[in-house]
Amino acid sequence: GMAWYLIQHKRETKEYGIILFYGAECFLAIWVLRNIFRYRGKIVLHSNGIEMLVDEALQAGAIKINRYRKLFQWNMHPFLRYSYQNLDFLITVSLYNLRYATDILKISSEKVDVLEPALHPQFFEQNVHLPYKKPILCFVGAWLPIKGSALLEEIIPVFLDKHKNYTVRLIGVGDYFVPTDYFPLDICSRVEVIGYVRNKQVQIDLLRECSLFLFPSVADSFGIVVAEAMACGCAIVCSNVGIGVGLQDGRDAMVVDSQSANDYLAILDRLTGDELLLKQISANGRQLVQFFNWANYQNKLATIFNRF
């Protein structure tokens, strides 16, 4: 589709000094620009996540996930790799992706930069003072292996059994999620399921109540829900992927560099037993994401383009 669009607009395409693509599926369009149009401008790719990195992370995990088992699920890595290696500049969303681009794809560090996503303006319009935090451990996301669902099934029962005053809030897991399908019956009354939240203010209110936010994702390009939870004053316990790579462990969040349920539980125990540390993680994380607003996003994007 991208290539066909360029062919249809060949004459006007040559008038632009920069062409910005979203997604490495632009490989055929880049080939057309390079080999047919002999385009002399700059080709920039804004990647929301390097596909090869995600697949390698899924295969390296304790629970290996193959996304190409069915006939219609094509592994297009060679074509996607062509996109990344035939650019003038790559914009990524996290240090996690930047390191893969430079270390594995061998893209020059001068040709790649990080531009974190901006949060919805409503996250910055809330009262400066947080409401009373309830003993709630929250997770937001689809209940999928890539999001760490297997780890959550291990962690949540043990955590709730040990911390009787806590409940668990699952948001975005779908309207058909039934706790008894995943957890022992005796704890299910303490697992709150909110299938989907479409109203941003409702989402903010739900997050602002929670003390802890758990995100054991196996692979994630960024993890915008982590940044949203930080903006709402949750103390973050996350995996060392996506946004987690750029967070300072023990200061901005508690970052777990393993896929061990016991490691996550140890950190959750530490936070629940150290109110001062929990509050420090909450405050530092909230301060950090104040930078993730649209004004800063636009300024940094302009700075990137001004390099050309």
Side-chain angles (χ1 to χ4, degrees), residues 48-49 54 93-94 96 116-124 126 130-131 133-157 159-160 166-179 181-183 188 190-247 252-256 259 261 264 267-268 271 278 281-282 285-286 288-289 292:
N48 191 44
V54 172
V93 292
S94 66
Y96 180 58
E116 295 92 349
L119 301 182
H120 193 285
Q122 280 182 252
F123 283 94
F124 305 106
Q126 306 304 305
L130 289 168
K133 288 289 187 181
K134 299 179 181 179
I136 300 174
L137 173 66
C138 185
F139 166 80
V140 177
W143 197 262
L144 297 171
I146 193 173
K147 296 296 183 182
S149 59
L151 277 170
L152 290 166
E153 287 184 50
E154 286 189 70
I155 294 166
I156 288 173
F159 177 81
L160 287 180
Y166 264 82
T167 59
V168 166
R169 176 173 288 171
L170 305 177
I171 302 175
V173 292
D175 292 331
Y176 300 102
F177 185 94
V178 180
D181 290 343
Y182 304 96
F183 308 120
C188 288
R190 294 162 60 200
V191 178
E192 179 187 11
V193 176
I194 302 169
Y196 293 104
V197 177
R198 293 177 174 83
N199 183 291
K200 188 60 64 176
Q201 188 58 53
V202 171
Q203 177 195 357
I204 291 169
D205 292 340
L206 289 169
L207 286 173
R208 279 166 63 88
E209 288 183 337
C210 301
S211 297
L212 290 165
F213 186 87
L214 177 60
F215 198 71
S217 186
V218 177
D220 220 297
S221 59
F222 183 73
I224 194 72
V225 294
V226 176
E228 291 175 338
M230 293 170 82
C232 292
C234 301
I236 305 297
V237 179
C238 66
S239 55
N240 192 26
V241 303
I243 187 177
V245 172
L247 299 177
D252 306 322
M254 303 299 285
V255 182
V256 185
Q259 292 182 29
Y264 279 96
I267 289 174
L268 289 170
L271 285 173
L278 188 146
I281 296 289
S282 167
R286 193 176 187 211
L288 176 71
V289 296
F292 295 169

Inset, instruction - Report the distance from atom CG of L278 to atom CG of L212, rounding to the nearest 0.5 Å. - result: 5.0 Å
Legend entry - Side chain K133, main chain R208, donor-acceptor under 3.5 Å: yes
Inset, instruction - State, yes or no, whether a side-chain contact exists between I236 and F215 at a heavy-atom distance under 4.5 Å. - result: no
Inset, instruction - Starting at CG of L152, measure out to CZ of F159 and round the result to the nearest 0.5 Å. - result: 12.0 Å
Legend entry - Point-to-point distance, once rounded to the nearest 0.5 Å, from CG of L160 to CZ of R190: 4.5 Å
Legend entry - Any donor-acceptor N/O pair, S239 side chain to S217 backbone, under 3.5 Å: yes
Legend entry - Straight-line distance of L207 CG to F213 CZ, nearest 0.5 Å: 6.5 Å
Inset, instruction - List the atom of V191, the atom of L170, and the distance in Å for their closest heavy-atom pair. - result: CG1-CD1, 3.8 Å
Legend entry - Validation row: R169, I171 side chains within 4.5 angstrom (heavy atoms): yes
Inset, instruction - Quick one: closest heavy-atom pair of S149 and P145, and the distance? - result: OG-N, 3.4 Å
Legend entry - Separation of L214 CG from L268 CG (nearest 0.5 Å): 6.0 Å
Inset, instruction - Evaluate the side-chain contact (heavy atoms from CB on, under 4.5 Å) criterion for residues V54 and I146: first the C-alpha distance (whole Å), next the side-chain angles of each, then the deciding distance (0.1 Å), finally the verdict. - result: CA-CA 9 Å; V54 172; I146 193 173; 3.8 Å; yes
Inset, instruction - Kindly assign one of parallel, tilted or perpendicular to the pair Y182 and F177, based on the angle between their ring planes and the thresholds 30° and 60°. - result: parallel
Inset, instruction - For S282 and G233, work out which heavy atoms get closest and say how close. - result: OG-O, 2.5 Å
Inset, instruction - Check the pair I204 / Q122 against side-chain contact (heavy atoms from CB on, under 4.5 Å), numbers first and verdict last. - result: CA-CA 8 Å; I204 291 169; Q122 280 182 252; 3.7 Å; yes
Legend entry - Whether F139 and W143 hold their rings parallel, tilted or perpendicular, with breakpoints at 30° and 60°: perpendicular
Legend entry - I267 side, atom CD1; C238 side, atom SG - distance, nearest 0.5 Å: 9.5 Å
Inset, instruction - Mind listing the closest non-hydrogen atom pair of L288 and M230 along with its distance? - result: CD2-CE, 3.8 Å
Legend entry - Residues V193, V173; criterion side-chain contact (heavy atoms from CB on, under 4.5 Å); working and verdict: CA-CA 8 Å; V193 176; V173 292; 3.7 Å; yes
Inset, instruction - Measure the shortest side-chain to side-chain distance between V218 and K147 over non-hydrogen atoms and say whether it is less than 4.5 angstrom. - result: no
Inset, instruction - Could you pull out the closest heavy-atom pair between F123 and A231, with the gap in Å? - result: CD2-CB, 4.0 Å
Inset, instruction - Could you check if a side-chain atom of M254 sits within less than 4.5 angstrom of a side-chain atom of I281, using non-hydrogen atoms only? - result: yes
Legend entry - Minimum side-chain heavy-atom gap V168-I136 below 4.5 Å: no
Inset, instruction - Using the side-chain contact (heavy atoms from CB on, under 4.5 Å) rule, take T167 and L137 through it: C-alpha gap first, then chi angles, then the decisive distance, then the call. - result: CA-CA 6 Å; T167 59; L137 173 66; over 6 Å; no
Inset, instruction - Over all heavy atoms of both residues, which pair between F222 and S94 is shortest? Give the atoms and the distance, please. - result: CD1-CB, 4.1 Å
Inset, instruction - In sequence, state the C-alpha distance, the side-chain angles, and the governing distance for N199 and Q203, and then conclude on side chain to side chain donor-acceptor pair (under 3.5 Å). - result: CA-CA 6 Å; N199 183 291; Q203 177 195 357; over 6 Å; no
Legend entry - S221 (side chain) donor-acceptor with N48 (main chain) under 3.5 angstrom: yes
